[in-house]
Amino acid sequence: MPLLSQANIDAVRVSGPGDIRRAAEALHEIAMSCGMRAAPAHDIADKRTPVDSDGNLLAKDVFGWNDDDRVWWRNSRIALDSPLTTACRFESQPFWVNADGFRTHQPNAYLDAIDLTNFEQRALTWAAIAVPVHLPFGQIGAVSFNPLDRDKADLAEAFVEFGDAFGLYARTFISTYVQVMGSAQALPAQSRLSKREVECLRWAAIGKTDLEISMIISRSRATVRFHIHNAATKLNAVNRSQTVFKAAQLGYISLNTR
């Protein structure tokens, strides 16, 4: 079977809690067939890693990381200190990296600025192909594919051969895992904002006061407050800042002020 196939995509897709281990085993087999060991994370801000329906740690039980390996989930600083997790905040496409730098399909100046000092110690690998997985509500997952060969630090050929396929499989596994395991919604299902509510929040996002917004949109300050309050109610937000943040998570407004 070719590496990139519908059968493999279906194999790594999680349809329910009982599918988690099977899908993880399929992702593990794909990685191993390419001379790599996969390291999955459903949330790079959380040192906990995916588990099966019984709570067993997949990194240990399926992907083969054990106490003799550099187990990232035991490192409380990994989310802040690892160049891999840092890069996943600034890149959405697969990339590969070693101590000499990041390589991507398109240039990314943010990655060029990441400190790679003591790379192996901080990244817990000497080289990796990494797949960022940007999820709803601002959550970021990732899967890194790490070479089994300790002497293999140049992954240029492997990236060309496997990078796109790894990207598809990693996104399928992580996104469906999160969907199945997410028991609480971050936002209400019915959270559609009106045109006027979005307009007020766009101005609020760049620091405009209610009075300033009222002058800009030629409405009363009370009307502005009414629209922002309605938006907060719809988004289950407790204050103005959280309302703006949740509206940005849903794509109604941008927090990029450039």
Side-chain angles (χ1 to χ4, degrees), residues 1-76 78-79 82 84-85 88 92 94 96 123-125 127-150 155 158 161-186:
M1 181 184 300
L3 178 63
L4 186 55
S5 69
Q6 186 62 50
N8 280 342
I9 296 170
D10 292 338
V12 301
R13 179 178 289 116
V14 179
S15 300
D19 279 340
I20 294 174
R21 178 172 284 266
R22 174 200 53 75
E25 289 172 347
L27 183 61
H28 175 62
E29 290 174 5
I30 290 169
M32 293 293 283
S33 72
C34 300
M36 303 277 184
R37 187 183 304 279
H42 64 286
D43 186 346
I44 63 172
D46 190 339
K47 68 178 181 179
R48 292 175 297 178
T49 59
V51 295
D52 65 15
S53 57
D54 295 321
N56 298 308
L57 200 64
L58 297 178
K60 265 184 92 168
D61 290 0
V62 173
F63 294 99
W65 301 95
N66 54 56
D67 291 336
D68 295 329
D69 297 310
R70 298 179 174 187
V71 285
W72 69 95
W73 62 88
R74 299 188 191 280
N75 185 339
S76 60
I78 192 71
S82 171
L84 287 178
T85 53
C88 287
S92 60
W96 77 273
L124 305 183
T125 186
I129 295 173
V131 181
V133 185
H134 290 255
L135 300 160
F137 314 122
Q139 184 171 326
I140 302 174
V143 179
S144 67
F145 296 85
N146 308 270
L148 298 174
D149 184 350
R150 183 64 180 79
L155 301 182
E161 187 173 1
F162 308 133
D164 290 337
F166 283 170
L168 182 55
Y169 297 140
R171 292 189 193 102
T172 300
F173 175 74
I174 292 294
S175 63
T176 56
Y177 171 86
V178 168
Q179 187 172 21
V180 165
M181 294 296 280
S183 58
Q185 290 181 301

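Under the salt bridge (charged side-chain N to carboxylate O under 4.0 Å, His left out) criterion, Asp10 pairs with Arg13, sequence neighbours left out. Every salt bridge (charged side-chain N to carboxylate O under 4.0 Å, His left out) that Asp52 has, sequence neighbours left out, goes to Arg21.
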Without placing hydrogens or testing angles, list every side-chain donor-acceptor pair under 3.5 Å for residues 128-146, not counting sequence neighbours.
residue	atom	partner	partner atom	Å
His134	NE2	Cys88	O	3.0
His134	NE2	Glu91	O	3.0
Gln139	NE2	His42	O	2.7
Ser144	OG	Asn146	ND2	3.2
Asn146	OD1	Thr125	OG1	3.1
Asn146	ND2	Arg37	O	3.1
Asn146	ND2	Ser144	O	3.4

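Between Arg171 and Pro94 the shortest side-chain heavy-atom distance falls below 4.5 Å. Between Val51 and Met181 the shortest side-chain heavy-atom distance falls below 4.5 Å. Pro50 places none of its side-chain heavy atoms less than 4.5 Å from the side chain of Ile20. Residues Leu148 and Met32 have side chains in contact (heavy-atom distance under 4.5 Å, counting atoms from C-beta outward). Between Thr49 and Leu57 there is a side-chain heavy-atom pair separated by less than 4.5 Å. In this structure, the side chains of Cys34 and Phe166 come closer than 4.5 Å at one or more pairs of heavy atoms.
Pairing each heavy atom of Thr172 with each of Thr176, the nearest pair is O-OG1, 2.6 Å. Across all their heavy atoms, Ala23 and Val14 have their closest contact at CB-CG2, 3.7 Å. Here the closest non-hydrogen pair linking Asn8 and Leu3 is ND2-O, 2.8 Å. In terms of heavy atoms, Ser53 sits closest to Pro17 at CB-O, 3.5 Å. Taking every heavy atom of both residues into account, Pro40 and Phe63 meet most closely at CG-CE1, 3.5 Å. Taking each heavy atom of Val180 and Gly16 in turn, the nearest pair found is CG1-C, 3.6 Å.
Judged by distance alone, with hydrogens and angles left aside, the side-chain atoms of Trp65 form no donor-acceptor pair with the main-chain N or O of Leu58 at under 3.5 Å.
Expressed to the nearest 0.5 Å, how far CD1 of Ile30 lies from CG of Leu4 amounts to 9.5 Å. The distance from atom CD1 of Ile174 to atom CG of Leu27, rounded to the nearest 0.5 Å, is 8.0 Å.
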